[in-house]
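In this chain, residues are counted from 1 in sequence order. As the structure is a computational prediction, the values presented were derived from the model and not from experiment.
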Amino acid sequence: MGQLILTKPGILELRLLKGNPLQPGLVPPAGHNAARREYWTNPPLFEWPAASVQADPFKFLLIWNYLDPTSRLEGFTLHIAHPISPGNYGSPVPCDLVEAVPRGGTFFEELRPFRHDEDEDLFIQVADEEQQ
């Protein structure tokens, strides 16, 4: 399975991964993979001075799950998490931030057409009568 990592070099990394359908809303443990264990091990966000002198980029997980695993067309949920430890199977992964990304209500869903006093057709095409 491929992976998607969104990054702002030196500042932020956001790794997208599928959550465990048996534990929706929880952060899956890193497992035995050394690279994943390193990614899950982060300095706490809210402790002084760690956040102010962070040398590495901040690493977050964006975890998605199906709303209904039996009906995959119903949509999905998103959670953003900042793990501070790789965790163990069967127990919650220690995180200092786990937040659900709300469905709907985004900026783009609230756009409405607006009226303007000036009549301008931005798509008007002017044909040169001499060439016709």
Side-chain angles (χ1 to χ4, degrees):
M1 183 173 188
Q3 67 178 349
L4 177 64
I5 301 174
L6 304 174
T7 184
K8 171 86 171 155
I11 297 173
L12 177 80
E13 289 182 11
L14 183 66
R15 182 178 287 197
L16 179 68
L17 69 135
K18 186 175 185 296
N20 182 348
L22 301 175
Q23 298 176 320
L26 295 180
V27 177
H32 297 292
N33 182 301
R36 282 178 66 115
R37 294 184 71 78
E38 180 184 341
Y39 193 91
W40 264 243
T41 305
N42 293 293
L45 283 174
F46 306 109
E47 282 187 13
W48 181 261
S52 64
V53 294
Q54 176 93 7
D56 296 326
F58 291 99
K59 298 174 185 171
F60 293 92
L61 302 172
L62 186 62
I63 304 156
W64 69 273
N65 279 304
Y66 291 113
L67 274 175
D68 180 2
T70 61
S71 178
R72 296 181 175 186
L73 298 178
E74 295 296 317
F76 58 92
T77 62
L78 281 175
H79 287 80
I80 190 165
H82 184 260
I84 55 175
S85 170
N88 296 311
Y89 288 107
S91 61
V93 172
C95 296
D96 57 357
L97 175 76
V98 178
E99 188 65 38
V101 178
R103 293 174 44 91
T106 67
F107 170 75
F108 297 106
E109 291 178 7
E110 298 297 320
L111 292 178
R112 300 284 185 261
F114 62 92
R115 293 187 177 257
H116 195 274
D117 292 338
E118 297 177 19
D119 290 331
E120 272 188 57
D121 186 354
L122 299 176
F123 300 101
I124 194 167
Q125 294 182 357
V126 179
D128 188 359
E129 292 179 12
E130 293 179 0
Q131 292 181 357
Q132 291 181 350

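Not a single side-chain hydrogen bond (donor to acceptor under 3.5 Å, both in side chains) links N88 to another residue, sequence neighbours left out. P92 pairs by the side-chain contact (heavy atoms from CB on, under 4.5 Å) definition with nothing, not counting sequence neighbours.
Closest approach of P57 and E13 over heavy atoms only: CG-OE2, 3.7 Å. P94 approaches G87 most closely through the heavy-atom pair CD-CA, 4.1 Å. Closest approach of E74 to L67, counting heavy atoms only: O-CD1, 3.4 Å. N42 approaches P83 most closely through the heavy-atom pair ND2-O, 2.9 Å. Closest approach of L22 to N20, counting heavy atoms only: N-OD1, 2.9 Å. Here the closest non-hydrogen pair linking F46 and D96 is CE1-O, 3.5 Å.
Atom CG of L78 and atom CD of E99 lie 12.0 Å apart (nearest 0.5 Å). If you take CD1 on I11 and CG on D56, they are separated by 13.0 Å, rounding to the nearest 0.5 Å. Taking CG of L4 as the start and CZ of R15 as the end, the distance is 10.5 Å to the nearest 0.5 Å. Separation of atoms CD1 (I5) and CG (L14) is listed at 9.5 Å; rounding is to 0.5 Å. Of the inter-residue distances, the one linking L97 atom CG with I84 atom CD1 reads 11.0 Å to the nearest 0.5 angstrom. Interatomic distance, T77 OG1 to N65 CG, rounded to the nearest 0.5 Å: 4.5 Å.
T7 places a side-chain N or O within donor-acceptor distance of the main-chain N or O of L12, the cut-off being under 3.5 Å.
In this structure the side chain of T41 reaches within 4.5 angstrom of the side chain of P86, judged on heavy atoms. I63 places none of its side-chain heavy atoms less than 4.5 Å from the side chain of V98.
Under a hydrophobic-cluster definition in which Ile, Leu, Val, Met, Phe, Trp and Tyr are linked whenever side-chain heavy atoms come within less than 4.5 Å, directly or via other members, L6 and V101 are assigned to the same cluster. One hydrophobic cluster holds both L45 and L62 under the rule that ILVMFWY side chains link at heavy-atom gaps under 4.5 Å.
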Should L61 and L17 be marked as a side chain to side chain contact (heavy atoms under 4.5 Å, CB included) after you check the CA-CA gap, both sets of side-chain angles, and the distance that decides it?
-> CA-CA 7 Å; L61 302 172; L17 69 135; 3.6 Å; yes

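Sorted by first then second residue, the ring-ring contact (aromatic ring centres under 6.0 Å, His included) pairs that include residues 66-102, not counting sequence neighbours, are F60-H82, W64-Y66.
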